[in-house]
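Numbered from 1 within each chain, the chains take letters A, B, ... in sequence-line order.
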Number of protein chains: 2
Amino acid sequence: MQTKERTFEEAATLFKLMGDKTRLKMLAILYKDECCVCELVEIFQMSQPSISQHLRKLKNAHVVNERRRGQWIYYSLNREHPFYEQLLDLLNTLPDTQPLLNDLQVAGKRVVCCD
Amino acid sequence: MQTKERTFEEAATLFKLMGDKTRLKMLAILYKDECCVCELVEIFQMSQPSISQHLRKLKNAHVVNERRRGQWIYYSLNREHPFYEQLLDLLNTLPDTQPLLNDLQVAGKRVVCCD
DNA sequence: ACCTTTCATAAGGAAATAGTTATATATAGT
DNA sequence: ACTATATATAACTATTTCCTTATGAAAGGT
């Protein structure tokens, strides 16, 4: 799975981001589909600021993108990230998070927004 | 690179260990060759307790093995770790650490020990 | 204009982290 | 037995991390 090389600094920064259970699961969820903040709040059952702060860290590292759609701000994996492919490989080794999104849908908590 | 699945907890624990620059570099070094503590102290120019504490964390997570040879205790990657192969893939994307070991050799600081 | 909803940011606190120095333990050599 | 070397552990400190609550800003609906 040889990809581009990088410094220990860069790599450690990325691993540190993935070293938090919440953020890691968050990435696994965004791998399935982009999500807005309130959906993640619902999934994680954590305070909204906490979710926002995790997202900000991921955004600052260019691991995720944000885009506003009306009231909602959607986050998604950044496909332009230099180690995006490698990230996908890692996320593939994690439990499937699709059920979480399905549960959200069933509970009517999935935000539907057509822009 | 599909390997075994694991919980977010397990994965996050491993990534957290790799999220520290010193430990990550340490793993990259052990990927090249087993090392004793004093060699790592020499390479990192850090206090011996600091090195030992990092190694203990890696050992507690079964990422590395230790084995005593006389006065020295050698650490090496644990090939039995459930995600050893994946770890190798990741370490392969990092800068080569062989020069560090060569420098150590040249400086006469490489511990030679035949057991 | 007003109110509601969504999200971000600020401020603060508890816990974890990574380093230090000091000390203890284990092995080797004399 | 004594000394030297290698390593581990304990105790401490400074910094970082992750959460909380409180507040502010942006957009939408009436």
Inset, instruction - Starting at atom CD1 of A:Ile51, determine the distance to atom C1' of D:dT21, rounded to an integer number of angstrom. - result: 16 Å
Inset, instruction - State the CG-CZ distance between A:Asp20 and B:Phe15, to the nearest 0.5 angstrom. - result: 12.5 Å
Legend entry - B:Tyr74 and B:Asn65 side chains, donor-acceptor separation under 3.5 Å: no
Inset, instruction - Quick one: label A:Phe44 by what it contacts on the DNA or RNA (base, sugar-phosphate, nothing), any heavy atom closer than 4.0 Å. - result: nothing
Inset, instruction - With the side chain counted from C-beta on, respond yes when A:Asn78 and A:Val63 share a heavy-atom pair under 4.5 Å apart, and no when they do not. - result: no
Legend entry - Under-4.0 Å side-chain N/O to phosphate OP1/OP2 contact, A:Tyr75 with C:dT6: no
Legend entry - Phosphate OP1/OP2 of D:dC18 contacted by A:Ser47 side-chain N/O (<4.0 Å): no
Legend entry - B:Thr13 versus B:Glu9, side-chain donor and acceptor atoms under 3.5 Å: no
Legend entry - Stepwise side-chain contact (heavy atoms from CB on, under 4.5 Å) check, B:Ile51 with B:Met26: CA-CA 9 Å; B:Ile51 298 295; B:Met26 207 171 262; 3.9 Å; yes
Inset, instruction - Find the distance B:Trp72:CH2 to D:dA8:C1' and express it as a whole number of Å. - result: 17 Å
Legend entry - cation_pi(B:Arg79, B:Tyr84) dist<6.0 Å, angle<=45: no
Inset, instruction - Look at A:His54 and D:dC19 and indicate whether a side-chain polar atom (N or O) is within less than 4.0 Å of OP1 or OP2. - result: yes
Inset, instruction - Indicate whether OP1 or OP2 belonging to C:dT17 is found under 4.0 Å from a side-chain N or O atom of A:Lys16. - result: no
Inset, instruction - Kindly compute the distance separating CG (A:Leu14) from CD (A:Gln86), expressed to the nearest 0.5 Å. - result: 8.0 Å
Inset, instruction - Check the distance between D:dC19's P and A:Leu40's CG and give it to me in whole angstrom. - result: 13 Å
Inset, instruction - Decide, yes or no, whether a salt bridge links B:Lys109 with B:Asp103 under the criterion of side-chain N to carboxylate O below 4.0 Å. - result: no
Legend entry - B:Glu10 side chain to B:Thr7 backbone, donor-acceptor under 3.5 Å: yes
Inset, instruction - Taking the side chain as every heavy atom from C-beta outward, state whether A:Ser76 and A:Val64 have any pair of such atoms under 4.5 Å apart. - result: no
Legend entry - Rounded distance (Å) that lies between atom C1' of C:dG19 and atom CD of B:Gln45: 15 Å
Inset, instruction - At under 4.0 Å between heavy atoms, which parts of nucleotides 24-30 of chain C does protein reach? Answer with one letter per nucleotide, 5' to 3': B base, S sugar-phosphate only, - none. - result: ---SS--
Inset, instruction - Please determine, for the side chain of A:Lys57, which listed nucleotide (C:dC7, D:dT17, D:dC19) has the closest atom? - result: D:dT17
Inset, instruction - Round to a whole Å and report the spacing from CD1 of A:Ile73 to C1' of D:dA27. - result: 10 Å
Inset, instruction - Could you list by number each residue of residues 23-32 of chain B showing a heavy-atom separation from DNA chain C of less than 4.0 Å, or answer none if no residue does? - result: B:Arg23
Inset, instruction - Pick base, sugar-phosphate or nothing for A:Lys21, based on heavy-atom distances below 4.0 Å to the nucleic acid. - result: nothing
Legend entry - Presence of salt bridge, B:Arg110 and B:Glu39, under 4.0 angstrom: yes
Legend entry - Atom-to-atom span, CG of B:Asp20 to P of C:dA16 - whole angstrom: 17 Å
Legend entry - Spacing of B:Glu39 atom CD relative to D:dT5 atom P, expressed in whole Å: 17 Å
Which pairs, protein N/O on one side and nucleotides 9-11 of chain D N/O on the other, fall under 3.5 Å?
{"from": "D:dT9", "atom 1": "OP2", "to": "B:Arg56", "atom 2": "NH1", "distance (Å)": "3.4"}
{"from": "D:dA10", "atom 1": "N6", "to": "B:Gln53", "atom 2": "NE2", "distance (Å)": "3.4"}

Inset, instruction - Supply the atom-to-atom distance A:Ile43 CD1 to A:Leu104 CG, rounded to the nearest 0.5 angstrom. - result: 5.0 Å
